[in-house]
2 protein chains.
Amino acid sequence: MNSFTEENYLKAIYKLIEKSGSSVSTNAIAEKICTKAASVTDMLKKLSDKKLINYQKYQGVTLTSKGEKVALSVIRKHRLWEMFLLEKLDFKWDEVHDVAEQLEHINSDKLIEQIDKFLNYPKFDPHGDPIPDANGKIQVQKSKSIAHFIKNDVIVMTGVVDHSPAFLQYLDNTGLALGDEIKIKEVVFFDRSLQIIINKKSTIFISNDVAKNILAIKK
Amino acid sequence: MNSFTEENYLKAIYKLIEKSGSSVSTNAIAEKICTKAASVTDMLKKLSDKKLINYQKYQGVTLTSKGEKVALSVIRKHRLWEMFLLEKLDFKWDEVHDVAEQLEHINSDKLIEQIDKFLNYPKFDPHGDPIPDANGKIQVQKSKSIAHFIKNDVIVMTGVVDHSPAFLQYLDNTGLALGDEIKIKEVVFFDRSLQIIINKKSTIFISNDVAKNILAIKK
DNA sequence: AAATAAATTTAGGGTAGTCTAAAAACTATT
DNA sequence: AATAGTTTTTAGACTACCCTAAATTTATTT
Ligand SMILES: [Mn+2]
Ligand SMILES: [Mn+2]
Ligand SMILES: [Mn+2]
Ligand SMILES: [Mn+2]
């Protein structure tokens, strides 16, 4: 089995590769995990010995298929637990992440399959991120940040880029939630801020900074 | 906060004190935790520094009220998680313990209070053990092993002494479960084995060894 | 092609927790 | 009271993970 720490490294590497589309650097991992480069190098050697990553000194890191499997399993557990907390225990979407960071390391196949069943096999987590299935398969969604849409587009909110409680609470206050219909009423030219209509009811203004962190698809 | 390991030591000490009614020895802890006496001594020093136990070299150990609070919180979490697994995720009573050993260390007040609420504030776990409330209060049950009852007593099964999957599965096979009514039909003189009637239906024989591990109260 | 800057690794060390073997302290027996 | 046996503690070492500081390698400028 892999330790807690090893799982966190693999998950971090997976997410960095996912975002950048290429191999990841020691420093990038250090920053993501909030640790020092020297510690990362130590761990990379260990993960490489265990054949979980492809690593050659100074050359950056990718996951082996074995390592990717572990990473996807941790991500699956994280997102299923987030969903469980939200749906069954009345957590808010800004409260689920920290607890899921702990729960994702619980090791029991039966447990996670039963949670999945209990939730009726959800495909997406409370933040709109896809939940890998038991085989690690992910259902991709071709959503874009709403900063990329144009006037009069009618779209559906499908996710967030920034997962911080502060941002999620801000969205709560504006009344924006996953699944909402958004109509782009106006794009302000000089700062790209938006005037949007939520669910054909309330009209609000959001900055381009906020818009970039909201994901949606054409309706 | 306390580490996993510290929590496990405190829980072990609590249970040993509960069973023996007195202070516990280094060796007893080592056996309970499946570790060596030298390791226990190290940890006792640390727990003593943190004012979680009362410890003087060679004199045995008791819990401070601070240490007892931690132990009871871990036990509360363990038993609530066992109940959750049984009630909501279709685990059997012989499957819940190992997973609860991991889940008991998850640190989130909101999580455990919501689990408690979700289960409708159960007072006992799947093995009949009492679940401490949020303040550490335990509801005591004055049950005795059924080896202590006599011919024609009508009793209700309330718990088990042996928690091993092997014993629990044996009980499943005999058809015995918590809450069952048991009538002592016969006590065999030479080996103290019992003939009992379960729920006024099936009659079975159990050895004294088994009887000693089943707890019940007079109906 | 050097020289400089940035990224990465190595060296050496720290804490938490574990172990074995040996010393010290209690306990029981004569 | 001395001896033998048991329990507990100490000494010293190991693994996992982390750190700082120094050395090394790679990347960028000149
Ligand atoms: Mn999360
Ligand atoms: Mn999420
Ligand atoms: Mn248990
Ligand atoms: Mn139990």
Side-chain angles (χ1 to χ4, degrees), chain A residues 1-14 16-17 19-63 67 70-71 74 101-102 104-107, chain B residues 1-13 16-17 19-20 22-63 67 70-71 74 101-102 104-107:
Chain A
M1 255 311 103
N2 307 298
S3 74
F4 221 87
T5 312
E6 287 167 345
E7 288 189 347
N8 282 334
Y9 271 88
L10 293 171
K11 186 177 62 154
I13 294 167
Y14 179 91
L16 290 167
I17 290 175
K19 185 167 353 184
S20 72
S22 62
S23 74
V24 297
S25 69
T26 301
N27 267 354
I29 298 167
E31 188 178 3
K32 182 95 179 172
I33 296 210
C34 293
T35 182
K36 297 303 160 78
S39 308
V40 173
T41 300
D42 276 356
M43 181 56 83
L44 294 184
K45 277 183 208 149
K46 190 190 312 184
L47 294 174
S48 182
D49 288 347
K50 293 179 82 172
K51 309 246 185 279
L52 293 162
I53 60 172
N54 305 114
Y55 170 59
Q56 275 164 206
K57 275 197 209 176
Y58 299 101
Q59 296 313 126
V61 174
T62 58
L63 292 172
V70 175
V74 175
E101 282 292 304
Q102 299 180 62
E104 71 188 6
H105 302 291
I106 301 292
N107 176 27
Chain B
M1 253 314 103
N2 307 298
S3 71
F4 269 44
T5 312
E6 288 168 345
E7 288 189 349
N8 282 334
Y9 271 88
L10 292 171
K11 186 177 64 154
I13 294 166
L16 290 167
I17 290 175
K19 185 167 354 183
S20 71
S22 62
S23 73
V24 296
S25 69
T26 300
N27 266 354
I29 297 167
E31 189 178 4
K32 182 93 180 174
I33 296 211
C34 292
T35 183
K36 297 303 160 78
S39 310
V40 173
T41 300
D42 278 355
M43 181 56 82
L44 294 183
K45 278 183 209 148
K46 189 191 313 186
L47 294 174
S48 182
D49 288 348
K50 294 180 81 172
K51 308 251 185 276
L52 292 162
I53 60 172
N54 305 114
Y55 171 60
Q56 276 164 205
K57 276 195 206 177
Y58 299 102
Q59 295 315 126
V61 173
T62 58
L63 293 172
V70 175
V74 175
E101 282 292 304
Q102 299 180 62
E104 71 189 8
H105 302 291
I106 302 292
N107 176 27

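Numbered from 1 within each chain, the chains take letters A, B, ... in sequence-line order.
Atom CD of A:Q56 and atom P of D:dT24 are 21 Å apart (whole Å). Between B:H105 atom NE2 and C:dA16 atom C1' the separation is 16 Å, expressed in whole Å. We find that NZ of A:K45 is positioned 4 Å from P of C:dT10, with the value rounded to whole Å. Remark: C1' of C:dT9 and CD1 of A:I29 are 14 Å apart, rounded to the nearest angstrom. Summarising the geometry, the separation between OH on B:Y58 and P on C:dA23 is reported as 13 Å, rounded to the nearest angstrom. Taking atom NZ of residue A:K36 and atom P of nucleotide C:dA11, one finds them 21 Å apart after rounding to whole Å. A:E6 places its CD atom 8 Å from the P atom of D:dA16, with the value rounded to the nearest Å. Atom-to-atom, CG of B:N27 to P of C:dC26 comes out at 16 Å; the value is rounded to the nearest Å.
The side-chain heavy atoms of A:Y9 and A:N2, taken from C-beta on, include no pair separated by under 4.5 Å. By the 4.5 Å heavy-atom criterion applied to side chains, B:I17 and B:V61 are not counted as neighbours. A heavy-atom distance below 4.5 Å is not found between the side chains of B:D49 and B:Y55.
Closest to the side chain of B:A38, from the set D:dT9, D:dT26, D:dT10, is D:dT10. Closest contact between the side chain of A:S25 and the listed nucleotides D:dT8, C:dT8, D:dC19 involves C:dT8.
Contact annotation for B:F4: no contact, since no heavy-atom pair falls under 4.0 Å across all strands. Residue contacts shown for B:T41 include a base, since a base heavy atom lies under 4.0 Å away. Using a 4.0 Å heavy-atom criterion, one finds that A:S39 contacts the bases of the nucleic acid, with or without backbone contacts as well.
Closest of all the heavy-atom pairs between B:A37 and B:T26 is O-CG2, 3.6 Å.
Between A:Y55 and the phosphate of C:dT8, there is no side-chain N or O to OP1/OP2 separation shorter than 4.0 Å. Using a 4.0 Å cut-off, no side-chain N or O of A:T5 falls inside it from OP1 or OP2 of D:dA16.
Comparing A:Q59 and B:K57 by the nucleotide of DNA chain D that holds the closest heavy atom to each, the one mapping nearer the 5' end is B:K57.
Between A:L63 and the choices A:N54, A:I13, A:V70, A:L47, the side chain to side chain contact (heavy atoms under 4.5 Å, CB included) rule is met once, by A:I13.
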